[in-house]
Every structure is written in C-alpha cells, then in structure tokens.
Amino acid sequence: MILPESFYERKDVVKIARELIGKVLVTNFDSVKTSGIIVETEAYAGASDKASHAFGNRRTNRTEVMYAHGGISYVYLCYGIHHLFNVVTNVKDVPHAILIRAIEPLEGIEAMLERRGKEKLTPVLTAGPGAMSMALGILTRHTGLPLSGPDIYIEDRNINIRKADIISGTRVGVDYAAEDALLPYRFWLRDNKYVSKGKGL
DNA sequence: CAAACGATTTTCT
DNA sequence: GAAAATCGTTTGG
C-alpha cells in the first residue's frame, strides 16, 4: 500500500527516517516505472538542526517547500550537478525533512542503467543521494510533488526488516554543523551492498 | 548586481 | 587519496 499522509505528518522525524528503511520508493515519469527498496536515510530536524537548510527557521524561496505539511517531495540541486531527493515531514510550518540516500533497485533496472549511462548493475548505480536520484529520473523540477502519486510515491510492501539490522550513525557531509554533526540521524541496513560509503566510517 | 559555496560523484594519480 | 566539475541559492555591496 502507498504510505498515507498521516505517516509523514507525525512529529518525530528521526523515527520516520528509521521506519522508511525497507519501504519502496517508486517513480513513474514519462510512463517509465522505476523503483527500489530504501536502504539508507538521514533525518534533518529543521529549525534546531544546524545541518538543515531551514536552521533557525530560515525561510527562502528554496526552503519554502519544507514548511509545507508532510508527505511531499523536496528536491535540491547540490554542487550544481546532483539532485538530492528529500521527503518533507511533520505538520505545516515545521520544516523537517528526510534525505533518501540510497536504494536497492527493484523494478525498471534497464531504464535506470540507461539514465546513468551504465551497462551492468553494480551498487554504484544507486548508492548515494545524487546517483540514486539520477537513476530514478528525479530532477529539481519535481520538488513539491505529493508522495501519494501518481508520478512519485513510497509504498509499504511488507518487506521484513529485522530491527537489529537497522544501524544508526552520524550523517555524511555535514561536518560544518558542529555538535549537530554528531547526532545519530543517519540510518542504514546492515551489510547491504547499496548503502553509500559516505566520506567517513 | 557580483561573489562564494555546497546534504556529491567521478576521474585521475 | 586528492582534485575537478558546475550552477542555483544565498549573501553582501
């Protein structure tokens, strides 16, 4: 089933980030369906999180969509090249978001290989937020779309994930956030080949 | 209006 | 392991 809006509108962004592990992210652009199991996420707790674009309730054109109610997408262009896909959570005016960092490919692998210019299926295809977005065809113009479909949505397919296999740790690429860079806001599946290496660890 | 920078990935040494 | 690629957003004049 497709996750309902009530799933995203809860107030504990870290808990939602953990629960997204094992769910299935699906995109359906231009009649091409691609999907994968979410194996890595990071929580960004808005106003109180120095690593978040919305730290201190900073409000700009770019971050505006984070202040909407939960259940929509937030896509941000990083380093002028990479499109990073986030899920907006919590209620209106609370800018929480979850970065989806990696998936394990399920459907539309051929299309993903073509989008990435690859020939063989390797973890590099979708390990890492920029690579994953490109494989799924996600662009900045897809920001603000509802995650209830039809273009993009997240499903619960009752994939069995053992709680003990969900590992938490520090986030990647946010060293500048001082003490907030130490928070255990990153979650991933133990021993999964598609989890990005990040910089540390 | 001009300048600096980033929630990254790829490629070269 | 180190450095480049590359552009929208943000910030300062």
Would you say the side-chain atoms of [X] and [Y] include a donor-acceptor pair closer than 3.5 Å?
X	Y	value
A/His69	A/Tyr8	no
A/Glu104	A/Thr126	no
A/Ser73	A/Thr143	no
A/Tyr153	A/Glu155	no
A/Glu9	A/Asn90	no

A/Tyr76-B/dA7 aromatic stacking (under 5.5 Å, under 30°):
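No, A/Tyr76 does not stack on the base of B/dA7, since the centre distance and plane angle fail the 5.5 Å and 30° test.
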
If you only use heavy atoms from C-beta on, which nucleotide in [options] is closest to the side chain of [X]?
X	options	result
A/Met66	B/dT8, B/dA7, C/dT6	B/dA7
A/Leu84	B/dG6, B/dT8, C/dA5	B/dT8
A/Arg58	C/dT11, B/dT8, B/dA7	C/dT11
A/Arg101	B/dT8, C/dT10, C/dA5	B/dT8
A/Pro129	B/dT10, C/dT10, B/dT8	B/dT8
A/Thr60	B/dT8, B/dT10, C/dT9	C/dT9

What integer distance in Å separates [X]:[atom1] from [N]:[atom2]?
X	N	atom1	atom2	value
A/Leu183	B/dA7	CG	P	16 Å
A/Ile100	B/dT8	CD1	C1'	17 Å
A/Ile81	B/dT11	CD1	P	11 Å
A/Asn61	C/dC7	CG	C1'	16 Å
A/His82	B/dT8	NE2	P	9 Å
A/Leu139	C/dT6	CG	P	17 Å
A/Arg171	B/dT8	CZ	P	11 Å
A/Tyr185	B/dA7	OH	P	17 Å

Does any donor-acceptor pair link the side chain of A/His53 with the base of B/dA7 at a separation under 3.5 Å?
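Present.
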
Just checking A/Tyr44: base, sugar-phosphate only, or nothing, at a heavy-atom cut-off of under 4.0 Å?
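Since a base atom lies under 4.0 Å of A/Tyr44, the category is base.
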
Base, sugar-phosphate, or nothing for A/Ala131, non-hydrogen atoms under 4.0 angstrom?
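Sugar-phosphate: the residue A/Ala131, judged by heavy atoms under 4.0 Å, touches backbone atoms but no base.
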
Take the angle between the ring planes of A/His142 and A/Phe29 and call it parallel below 30°, perpendicular above 60°, tilted in between.
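The rings of A/His142 and A/Phe29 lie parallel, inter-plane angle below 30°.
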
Distance under 6.0 Å and angle within 45° of the ring axis: does A/Arg171 meet both against A/Tyr44?
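Yes.
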
Looking at A/Trp188, is A/Arg186 sitting on its ring face, NZ or CZ under 6.0 Å from the six-membered ring centre and within 45 degrees of the normal?
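Yes - A/Arg186 lies over the ring of A/Trp188, closer than 6.0 Å to its centre and within 45° of its axis.
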
Range-with-range stems of DNA chain B (Watson-Crick or G-U pairs under 3.5 Å, three or more in a row)
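Stems (3+ consecutive pairs) listed as B:1-6 with C:7-12, B:8-12 with C:1-5.
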
Look at A/Arg62 and C/dT11 and indicate whether a side-chain polar atom (N or O) is within less than 4.0 Å of OP1 or OP2.
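For A/Arg62, the contact criterion (side-chain N or O under 4.0 Å from OP1 or OP2 of C/dT11) is not met.
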
Look at A/Arg116 and B/dT9 and indicate whether a side-chain polar atom (N or O) is within less than 4.0 Å of OP1 or OP2.
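Answer no for this pair, as no side-chain N or O of A/Arg116 is under 4.0 Å from OP1 or OP2.
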
